[in-house]
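The structure appears below as structure tokens.
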Protein chains: 2
Amino acid sequence: MNISDLLLSNGIKPSIQRLQIFNFLFENRIHPSVDEIFISLCSQIPTLSKTTVYNTLKIFEKKGLIQTLKIEDDELRFDIDISDHYHFKCTKCKKIFDIYDNNTNTTPTLPHGFICKKKQINMWGLCKNCSKN
Amino acid sequence: MNISDLLLSNGIKPSIQRLQIFNFLFENRIHPSVDEIFISLCSQIPTLSKTTVYNTLKIFEKKGLIQTLKIEDDELRFDIDISDHYHFKCTKCKKIFDIYDNNTNTTPTLPHGFICKKKQINMWGLCKNCSKN
DNA sequence: GTATCTGCAAAACATTTGCAATTCT
DNA sequence: AGAATTGCAAATGTTTTGCAGATAC
């Protein structure tokens, strides 16, 4: 299935902007910020505005196609990987790593009556490279 | 040990502002925002400024006395409870609940070489009260 | 032709910064 | 007096909003 069909099947009309933004997220698994997406697509879509990037990402999240990360202090980050995984931010090199772990049960038991709809696990520390030095 | 001594033993000079802000966090376990702290203490300390609240909270976090939560979209929340626990935000009543669970291992296994220094688990959904209706 | 989408400019807000006034010892 | 703390005002930077023009069906 191509991206155009994927958007359509989620009730999103595939405009050029939306296709390119989704494609960027798909090709670049770097949890980009709005600014990174905007700057990267400016050359291909010279009329692109940040407003459109914001709007589009909001639609994608609403439809469950991406998730918004709150791991940075100052700005939002976006992840096209909506599978059950976690994020590790290296406080030295600033990179965000995806952490997959199928063996550990990382969902805390909730009190009776609580219904969890979304979960995010964020970790901060040193990555493999940065912990060496 | 009183709050004044607690601050001193963490290398923080206990000014009136710092004592009151710490005391507010200690007495009100509601994960308050800067604004909530500021408004609540204004009547007791008429000259209080938000800058001081920001500065003080930053010092407290740096010294490990509190933790800063990134569970809200738009503002920081502060928690005086630095024990290993998690947060659940009800998307209906907007309250933030503390979740304690000693039985579940909520720390994902990290790839070799990664060193975790801080972890935050955030959940969103409906609390006991709001899920009833 | 109508509804949706896009994008500019301005607004809104939380947080930070510079610096002068204040406080404490 | 000297060092640390406080607080005002301005700046910063991200995200949102209003609205007019463009686009799609």
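Lettering follows sequence order; numbering is per chain, from 1.
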**Q.** Listed partners of Phe26(A) passing ring pair (Phe, Tyr, Trp, His ring centres under 6.0 Å), at least two apart
**A.** none

Q: Scan side-chain atoms only and decide if Asp81(A) and Ser83(A) contain a donor-acceptor pair under the 3.5 Å cut-off.
A: yes

Q: Calculate the interatomic distance between Leu7(A) atom CG and dC5(C) atom P; express it in whole Å.
A: 12 Å

**Q.** Start and end of chain B contact along DNA chain D [non-hydrogen atoms, under 4.0 Å]
**A.** dA4(D) to dA9(D)

Q.
Tell me whether the NZ or CZ atom of Lys117(B) lies within the 45° cone about the ring axis of Trp124(A) and under 6.0 Å from its centre.
A. no

Q: Quick one: label Ser33(B) by what it contacts on the DNA or RNA (base, sugar-phosphate, nothing), any heavy atom closer than 4.0 Å.
A: nothing

**Q.** d(CG, Leu48(A); P, dC5(C)) in whole Å
**A.** 16 Å

Q | No-hydrogen, no-angle side-chain donor-acceptor test under 3.5 Å, Lys119(A) and Thr107(A) | A | yes

Restricting both atoms to N or O, compile the protein contacts to nucleotides 11-18 of chain C shorter than 3.5 Å, with distance only.
residue : atom : partner  : partner atom : Å
dA14(C) : O3'  : Asp74(B) : O            : 3.4
dT15(C) : OP1  : Leu76(B) : N            : 2.7
dT15(C) : OP2  : Tyr54(B) : OH           : 2.7
dT15(C) : O5'  : Tyr54(B) : OH           : 3.2
dT16(C) : OP1  : Lys58(B) : NZ           : 2.9
dT16(C) : OP2  : Lys58(B) : NZ           : 3.3

**Q.** Whole angstrom value for the distance that separates C1' of dT6(C) from CG of Leu41(A)
**A.** 15 Å

Q: Please check if the side chain of Gln120(B) supplies one atom and the backbone of Thr68(B) the other of a donor-acceptor pair under 3.5 Å.
A: yes

Q: Validate the cation-pi geometry between Lys128(B) and Phe114(A): distance from NZ or CZ to the six-membered ring centre under 6.0 Å, angle to the ring axis within 45°.
A: no

Q. Pick the nucleotide of DNA chain D nearest each of Thr47(B) and Lys13(B); which residue has the one closer to the 5' end?
A. Lys13(B)

Q) Among His31(A), His85(A), Lys118(A), Arg77(A), which one satisfies side chain to side chain contact (heavy atoms under 4.5 Å, CB included) with Gln67(A)? A) His85(A)

Q) For residues Thr104(B) and Asp101(B), is any side-chain donor paired with an opposing acceptor at under 3.5 Å? A) yes

Q) Is Ser15(A) touching bases, backbone alone, or none of the nucleic acid, heavy atoms closer than 4.0 Å? A) sugar-phosphate

(Q) Without decimals, in angstroms, what is the distance between Ile45(B) CD1 and dT22(C) P? (A) 18 Å

